[in-house]
Amino acid sequence: MEGPRKAQRPLDIGLLDLPEVLLTGILKHLPLKSKIQSEAVCRGFRKVLRKPSQGSFLWDAIELNDLVFKDTDPSGLAWWLMQRRHGIRLLQFTPGESHQGSYRGTYTGQALAATQIQRKRHFVLHLIPQLAAVLPPEAEIQLDLRFADAESLLGSLEPVDAGRRAFVEQYWANLAGHLTRLKLDYAYDIDYPTTSVLEQLTRLQYLSLDGFGSEPASRASACLHLSFPHLHQLLISSFGEVKLWLDCPQLKGLHLIGASPLESIEGIPQGIERVFLTRIAEGSLPLQKIFQGHRLEQLTSLCLEMCPEAHEAPGALQVYKRAFGSGRLRELETNCPLEKLTHQCALPNSLQHLYLHLPLGRGLPLVLEQLTNLRVLEAINTEEGLMHLDRPLNPFLDMVHLERLAFSGGEGPKMECLDWTPGALKYLALAAVRILEGDLLPPGRKLDLVY
Amino acid sequence: MPDIVLRSNDGADHKISASTARLSRTVASLLQDLEASKGEDAELLIVPIPNVCNCTLKKVLDFCEQQRAFDDLVRASPAAQQPEVTRKTQAWRETYMKVSTDELYHLVMAAHYLDVPGLLGLCTDAMADHIRGKSPSQVRACFGLKPNLSPEEEDDIRRSNLWALS
């Protein structure tokens with residue numbers, strides 16, 4: 001079809017020959033300081049950066065990261081932002097690792113880093129509330145607060161410390177009309193009195209609380225009563241004992257990672273679409289208690305990587321039955337023994353993504369071959385010893401939607417190296433050859449086989 | 001459904017699918033006009049692209065084909081797979097954008113004329129890479145620009161952006 005008569009290109013062009021809208025589009029990508037410094041390049045740049053009609057486009061979303069605070073007077077920055085307040089639609093405060101306050105290196109390096117922390121801290125505690133007071137009503141603020149700042153703005157507010165409590169309450173009140181996303185790293189026990197000051201944040205759509213506990217034994221506890229009318233996503237990770245009461249009618253996604261244990265949870269809304277309960281330790285609630293009275297009708301993604309007892313209690317399988325019955329479930333990850341699960345309820349054919357934790361010493365269960373809509377099937381081995389396949393993988397290769405078939409060894413040092421039986425290796429090689437030769441339907445279909 | 005052919009300004013024809021063609025808002029609009037004038041029974045629609053040469057048009061269409069494939073993948077992938085899809089998309093785009101400055105100018109102009117939002121963002125970001133982290137004099141050297149600000153203008157820039165220029 002192609003048949004060029006002669007390659008014709010326009011004459012050489014330069015940056016300032018581009019239409020103004022393109023130069024604006026290029027400058028829009030620059031980080032804040034580079035954008036400002038670009039004014040000093042030439043008149044062409046200055047004209048674009050100062051043009052009032054470009055103002056709202058060039059300066060509408062401002063990200064304040066580590067680079068912004070390097071060698072920066074925070075008051076000067078706040079003053080500059082206030083001058084542009086009418087055009088700001090999104091203000092993101094996203095500090096990097098240096099915000100945590102752990103430094104190595106030379107004494108001078110440490111001193112400089114400490115100065116940078118102080119600047120950011122001053123900005124968070126004293127200048128963000130001022131900016132929030134003057135931004136247009138529709139402007140959003142997104143905050144990512146690390147340990148010391150989060151502690152200053154939550155902390156255990158003792159009744160005797162009335163002045164501090166008033167400061168904290170007023171701080172969040174100032175932000176209430178703008179804050180849509182909040183991420184807090186907080187390494188201490190957290191409870192209702194601690195977080196009650198956040199209830200003023202009626203625009204909040206995303207909340208993440210990270211306890212940063214690497215070992216279950218050393219994790220802080222979280223006893224939370226969260227009430228946010230517009231919250232869509234909630235992520236709570238790396239806390240020890242977790243007790244959770246939710247009053248968030250718009251919540252669509254709940255991620256609970258590493259609770260050790262999950263002691264109670266109430267108020268999961270009926271409209272929830274995605275539930276991820278991952279690495280939930282022993283002593284946690286059984287499944288039927290977690291989803292008591294819940295119809296699970298809207299659920300599209302469900303991840304239940306729980307302690308064995310959560311799956312073993314009577315009625316636990318009823319939860320799966322309800323989730324499977326809706327016909328909407330597209331993604332499932334579970335470590336519930338498959339035989340037990342499928343004995344009571346068939347896996348729904350609506351599943352497109354399936355992640356199974358199972359012992360692979362006996363091969364893949366036959367029941368998986370019936371899931372003809374699968375796009376991704378990952379089998380994560382849960383036992384030591386050789387993994388096995390007792391028959392060819394052809395039924396999976398013939399699934400017309402399948403894009404990825406993967407086997408992995410799960411977690412733990414002994415699982416790093418996978419070992420297969422010779423019989424399994426034969427079937428894996430035959431499958432690999434079929435894929436290599438393009439012997440799949442429909443023609444041209446790509447399939448990743450990972451083992 | 002008629003066959004769709006895009007014809008570059010140097011006469012090269014590129015046959016593409018309707019879904020790929022419609023990733024360009026300009027082409028989508030031209031197609032609408034052509035369909036209206038030629039009727040539903042037309043078997044072939046040739047869309048002239050007078051501002052874009054063959055090699056640039058080919059490059060733009062490569063992007064559109066990939067974009068369509070990635071869009072399908074993103075729609076079909078669950079949350080857990082999104083990072084992997086994003087990584088693959090980024091890797092492909094990095095390779096795609098390994099072009100000379102001259103080619104980049106032509107590509108950004110073509111993306112602007114054809115109104116392909118994803119490609120326009122990618123090209124302007126690649127151009128911004130040549131500015132990012134450079135001082136004003138380094139930017140001037142990179143793009144062959146002459147310093148033409150008056151001392152008063154320079155002073156004004158310094159005063160109004162003191163916090164960032166110190």
Side-chain angles (χ1 to χ4, degrees), chain A residues 1-10 12-19 21-22 25-34 36-46 68 71-80 83 253 274 276 300-301 303 330-331 333 352-353 355 375-376 401 403-404, chain B residues 5 8-15 51 53-56 58 73 76-81 84 102 105-106 108-109 111-112 120-121 123-137 139-140 142-150 153-154 156-158 160-166:
Chain A
M1 205 68 194
E2 292 174 33
R5 286 195 296 268
K6 184 182 164 190
Q8 286 177 358
R9 285 207 163 198
D12 283 345
I13 50 175
L15 192 61
L16 293 179
D17 298 318
L18 295 178
V21 65
L22 283 183
I26 293 166
L27 295 172
K28 167 101 176 152
H29 288 285
L30 296 177
L32 189 57
K33 271 192 173 176
S34 277
I36 291 167
Q37 286 164 354
S38 293
E39 252 196 75
V41 169
C42 64
R43 273 193 190 138
F45 274 45
R46 183 168 188 252
V68 172
D71 305 323
T72 292
D73 162 28
S75 302
L77 167 61
W79 181 244
W80 184 89
Q83 287 176 310
R274 297 174 299 280
F276 293 82
T300 57
S301 299
C303 169
R330 293 202 301 268
E331 182 182 10
E333 176 167 357
Q352 296 178 357
H353 304 262
Y355 307 85
R375 288 175 181 270
V376 174
H401 303 293
E403 293 163 3
R404 180 178 166 85
Chain B
V5 167
S8 68
N9 65 1
D10 44 0
D13 288 350
H14 299 264
K15 188 177 169 186
N51 290 4
C53 66
N54 175 42
C55 57
T56 307
K58 193 169 182 303
L73 197 59
S77 302
Q81 286 285 303
E84 176 64 10
D102 188 44
Y105 276 127
H106 288 99
V108 75
M109 296 280 271
H112 176 54
L120 189 58
C123 290
T124 49
D125 192 29
M127 298 284 272
D129 274 344
H130 293 287
I131 302 174
R132 211 171 268 137
K134 289 193 172 90
S135 68
S137 60
V139 174
R140 282 195 292 271
C142 179
F143 291 103
L145 303 169
K146 290 194 167 60
N148 55 4
L149 291 162
S150 68
E153 286 170 324
E154 283 183 355
D156 180 45
I157 291 168
R158 253 193 307 275
S160 50
N161 301 306
L162 203 59
W163 71 271
L165 301 173
S166 56

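All heavy atoms count here, side chains included; hydrogens, waters and symmetry mates do not. All chains are named by letter (A, B, ...) in the order of the sequence lines, taking the proteins before the strands, and each is independently numbered beginning at 1.
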Exercise. Quick check: does any side chain N or O of B/Arg132 sit under 3.5 Å from a backbone N or O of A/His29, one acting as donor and the other as acceptor?
Worked result: yes
Exercise. Closest heavy-atom contact between A/Leu15 and B/Tyr105?
Worked result: N-OH, 3.0 Å
Seminar exercise, completed: Under 4.5 Å to a heavy atom of chain A? For B/Ser135 that would be neither
For this session: Write down the atom of A/Ala40, the atom of B/Arg140, and the distance for their closest heavy-atom approach.
Result: O-NH1, 3.0 Å
Problem set entry | For B/Leu145 against A/Cys42, the heavy-atom pair lying closest together | CD1-SG, 4.3 Å
Problem set entry | Side-chain heavy-atom pair B/Val139, A/Phe45 within 4.5 angstrom cut-off | yes
For this session: Against chain B, label A/Pro74 side chain, backbone, both or neither, depending on which of its atoms sit under 4.5 Å from a heavy atom there.
Result: neither
For this session: Give, for atom CG of A/Leu18 and atom CE of B/Met127, the distance between the pair rounded to the nearest 0.5 Å.
Result: 5.0 Å
Exercise. So, for B/Pro136 and A/Val41, which heavy atoms are closest and what is the spacing to 0.1 Å?
Worked result: CA-CG2, 3.8 Å
Problem set entry | Among the listed options A/Ile36, A/Leu16, A/Leu27, the residue most often paired with chain B at heavy-atom distances under 4.5 Å | A/Ile36
Seminar exercise, completed: Interatomic distance, CH2@B/Trp163 vs OG1@A/Thr72, rounded to 0.5 Å, equals 5.5 Å
Problem set entry | Non-hydrogen atoms of B/Met109 and A/Leu22 that approach each other most closely | SD-CD1, 4.2 Å
Problem set entry | Segment of B/Ser160 engaging chain A (4.5 angstrom heavy-atom cut-off) | both
Exercise. Measuring from B/Asn161:CG to A/Gln83:CD, what's the distance to the nearest 0.5 Å?
Worked result: 8.5 Å
Exercise. Rounded to the nearest 0.5 Å, how far apart are CG of A/Leu30 and CG of B/Asp129?
Worked result: 9.0 Å
Exercise. Are any non-hydrogen side-chain atoms of A/Arg46 and B/Leu149 less than 4.5 angstrom apart?
Worked result: yes
